[in-house]
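When a ligand or atom number is given, it counts from 1 through the structure's own listing order.
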Amino acid sequence: MTRPDPHDRDIPDAGTPQPSRIVIIGAGHGGAQLAASLVEEGHPGTVTLISAEDDAPYHKPPLSKSFMKAPDTPLQPLRGRTFFIDKGIDMRLGAEVTSIDCRGRRVLLADGSEIPYDRLVLATGTRARRLAVPGVEQEGVFHLRTAGDARAMRRALPESGRVVVIGGGFIGLEAAAMLAARGLSVEVLEVAPHLLRRAVSRQVADAVTAYLEGQGIGIRCGVCVDSLGGEGRVTSVRLEDGPELQADMVVVGIGAVPEVALAEASGLACDNGIVTDALLTTSDPAICAIGDCISYPQAQLGRMARLESVQNATDQARALAKTLTGKPTPYGALPWFWSDIGALKLQIAGLAHDADEDVVVQRADGALQSVYRLSQGRLVAVETLNSAGEHMLARRLIAKGITPDREVMASGDMAALKAAYAAARARRGEARRD
Ligand SMILES: Cc1cc2nc3c(=O)[nH]c(=O)nc-3n(C[C@H](O)[C@H](O)[C@H](O)COP(=O)(O)OP(=O)(O)OC[C@H]3O[C@@H](n4cnc5c(N)ncnc54)[C@H](O)[C@@H]3O)c2cc1C
């Protein structure tokens, strides 16, 4: 079968206002925000929001945090119960799109039905990276991505016993802290030499490690899982060249992979995600894409990047809603991110991919407060621990391209940082409204 040529049609430029049928695949943070923003921006046509999940759009971050606290903690809905109905959004839950007919401009669903579109938006997110070792397909092993995964894991939580968390990234560490707080004995295994290796500075990683160890959580870095033991139900984790750890439950948090199967099958350009331009349009001008599943020209880095965060998905949705209603809006918002690891609120403003210098701020008691990350002398990211006001100010500094003097950053003093921000803006003749 030959693939349709996605360019073989007469399509108006992105941004041309048109009463049209917009179909969104995926009702996570990006898709749900896009549907709401299209209504707010006055989209005159129809909006169809399709989700493979049975749950109405909900916040994903709590799944590895507060949702695990008690057996009856409810999901946090992204919008009020009747929002989508009241706004006339046609929401289809439990509906998986199995293919896209680009030439005929329609999507085909698993139940055999089809939905035509004038503009299609892929907001398909990611799926959990599966651990590929013998024994992984047993009861008691969980990969955490959806409400369904979280419910299954919560139901299976032992009252006591041992949990082994495989993967020292955000989701694994959030879950580890939560499970330890529930009284379980928790051990984290990480293949890299230290936790959060790709995500934060070494100083923040060390502070998080010390915090988790203080909660009684065992941390083993530089270890590789060989296989999971058990006869249908997991009972242990075997390490390469290491001991066999007893486990009543195993939680796997080894990252996520972009959900690009539909895009690839439709012939859309994909390279570590669905490739888009700054207007979030794919290689097919009738198809846009947002959120965790895309690789887009990242303004701060000056190159293509794929980010996984609520901010990225929702801000892209807002920008795309403007473009699709006739106000072409290249996406260029400053990235920021947060993670709640037990009582530690870690917040990151900006992107530290190219950082070559760190300015470290310590509290009076010696605890880490923040790390200012520079690239060639320019402030590109700030990581803060339980310092929300500093995080908000950091966002403004980076967005405005302001790098305070190193002594000011090292002081971590809010008044001095604010003064540096104001002085830089005054020098540029900018009005100080924010
Ligand atoms: C446990 C957990 C904790 C997290 N914590 C944080 C945090 O603290 N801070 C933060 O910034 N981010 C956090 N994230 C990441 C954040 O949730 C994602 O970045 C965000 O959800 C991305 O939004 P999205 O719309 O791109 O994708 P998603 O929200 O993942 O939504 C994609 C949706 O598309 C649906 N879909 C995919 N394919 C199809 C198909 N063929 N047909 C129909 N539907 C389909 C999926 O079922 C899914 O519902 C966390 C994620 C998880 C899983």
Side-chain angles (χ1 to χ4, degrees), residues 23-35 48-68 75-76 78 91-100 107-111 115 120-129 142-151 153-154 167 169-178 199 251-253 255-266 273-274 276 280 289-296 306-317 320 335-341 344-349:
V23 171
I24 306 165
I25 307 178
H29 284 271
Q33 180 63 51
L34 176 62
T48 305
L49 182 59
I50 309 172
S51 176
E53 296 187 56
D54 294 328
D55 295 290
Y58 60 91
H59 286 271
K60 287 215 161 82
L63 296 182
S64 49
K65 309 174 182 84
S66 54
F67 190 73
M68 289 292 159
L75 287 178
Q76 287 178 27
L78 279 173
M91 188 160 64
R92 317 268 180 109
L93 298 177
E96 188 192 352
V97 175
T98 50
S99 64
I100 303 167
V107 297
L108 309 173
L109 276 64
D111 66 3
I115 304 174
L120 178 66
V121 181
L122 297 173
T124 48
T126 55
R127 58 194 149 76
R129 190 188 301 279
F142 295 90
H143 293 74
L144 191 52
R145 180 71 214 165
T146 64
D149 299 335
R151 281 195 197 97
M153 182 174 145
R154 195 169 68 172
F170 289 118
I171 291 179
L173 299 185
E174 290 167 356
M178 179 53 66
V251 181
V252 182
V257 287
E259 189 57 83
V260 296
L262 283 176
E264 280 181 343
S266 311
I274 306 165
T276 75
L280 306 171
I290 53 173
D292 282 13
C293 65
I294 74 164
S295 175
Y296 72 101
R306 190 178 70 78
L307 303 180
E308 292 175 13
S309 76
V310 169
Q311 172 278 324
N312 184 61
T314 52
D315 283 348
Q316 286 182 348
L320 182 59
W336 55 267
F337 181 81
W338 84 95
S339 173
D340 295 321
I341 301 172
L344 276 188
K345 180 172 265 311
L346 166 59
Q347 291 171 292
I348 304 171

### Query
Considering only heavy atoms, does A95 approach ligand 1 within less than 4.0 Å through its side chain, its backbone, both, or neither?
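The part of A95 near ligand 1 is the backbone, not the side chain.
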### Task
Select one of side chain, backbone, both or neither to describe which atoms of L262 lie under 4.0 Å from any atom of ligand 1, heavy atoms only.
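It is the side chain that gets close, since no backbone atom is under 4.0 Å.
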### Query
Does ligand 1 have any atom that is closer than 4.0 Å to a heavy atom of Q33?
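Contact absent.
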### Task
Assess P62 for proximity to ligand 1: is some non-hydrogen atom of it under 4.0 Å away?
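No, P62 has no heavy atom closer than 4.0 Å to ligand 1.
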Ligand-residue contact atoms, ligand 1 with [X], heavy atoms, under 4.0 Å:
| X | value |
| --- | --- |
| V310 | 10 (C), 11 (O), 12 (N), 16 (C), 19 (O) |
| E308 | 19 (O) |
| I25 | 40 (C), 42 (N), 43 (C) |

Nearest non-hydrogen protein atom, [atom]:
| atom | answer |
| --- | --- |
| atom 25 (O) of ligand 1 | G30 N, 2.7 Å |
| atom 37 (C) of ligand 1 | T124 O, 3.4 Å |
| atom 19 (O) of ligand 1 | D292 OD1, 2.8 Å |
| atom 30 (O) of ligand 1 | R145 NH2, 2.9 Å |
| atom 43 (C) of ligand 1 | A52 N, 3.3 Å |
| atom 7 (C) of ligand 1 | W338 O, 3.4 Å |
| atom 42 (N) of ligand 1 | V97 N, 3.0 Å |
| atom 8 (O) of ligand 1 | K65 NZ, 2.7 Å |

To which of [options] does the heavy atom nearest [atom] belong?
| atom | options | answer |
| --- | --- | --- |
| atom 13 (C) of ligand 1 | A128, P61, G26, A289 | P61 |
| atom 52 (C) of ligand 1 | V107, I171, L346 | I171 |
| atom 17 (O) of ligand 1 | H59, K60, E96 | K60 |
| atom 10 (C) of ligand 1 | F67, F337, Y58, F170 | F337 |
| atom 1 (C) of ligand 1 | A256, S64, A175, G148 | S64 |
| atom 33 (C) of ligand 1 | A123, G291, G31 | A123 |
| atom 20 (C) of ligand 1 | H29, Q311, E53 | H29 |

### Query
What heavy-atom pair brings P57 and M91 nearest, and what distance separates the two atoms?
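Heavy-atom minimum between the residues: CD-SD, 3.6 Å.
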### Message
To check you understand the geometry: which heavy-atom pair defines the closest contact between A35 and I24, and what is its length?
### Response
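What the structure gives for the nearest pair is N-CD1, 3.8 Å.
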Measuring only between side-chain heavy atoms, which start at C-beta, is [X] closer than 4.5 Å to [Y]?
| X | Y | answer |
| --- | --- | --- |
| D55 | R151 | yes |
| S64 | M178 | no |
| F337 | N312 | no |
| L93 | D54 | no |
| R92 | I115 | yes |
| F142 | D149 | no |
| W336 | Q347 | no |
| L109 | V97 | yes |

### Task
Determine, step by step, whether H29 and L78 satisfy the side-chain contact (heavy atoms from CB on, under 4.5 Å) criterion, reporting the C-alpha distance in whole Å, the side-chain angles of both residues, the deciding distance to 0.1 Å, and the verdict.
CA-CA 8 Å; H29 284 271; L78 279 173; 3.6 Å; yes
### Task
Determine if the distance from atom 15 (C) of ligand 1 to the closest protein heavy atom is below 4.0 Å.
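There is no protein heavy atom less than 4.0 Å from atom 15 (C) of ligand 1.
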### Task
Begin with the C-alpha distance, continue with both residues' side-chain angles, and end with the deciding distance and a verdict on side-chain contact (heavy atoms from CB on, under 4.5 Å) for L262 and V107.
CA-CA 10 Å; L262 283 176; V107 297; over 6 Å; no
### Task
From the options R129, R127, R306, select the one residue that forms a salt bridge (charged side-chain N to carboxylate O under 4.0 Å, His left out) with E259.
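Of R129, R127, R306, salt bridge (charged side-chain N to carboxylate O under 4.0 Å, His left out) with E259 is met by R127 alone.
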### Task
For T276 and Y296, indicate whether the former's side chain and the latter's backbone hold a donor-acceptor pair under 3.5 Å.
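No, because the side chain of T276 does not come within donor-acceptor range (under 3.5 Å) of the backbone of Y296.
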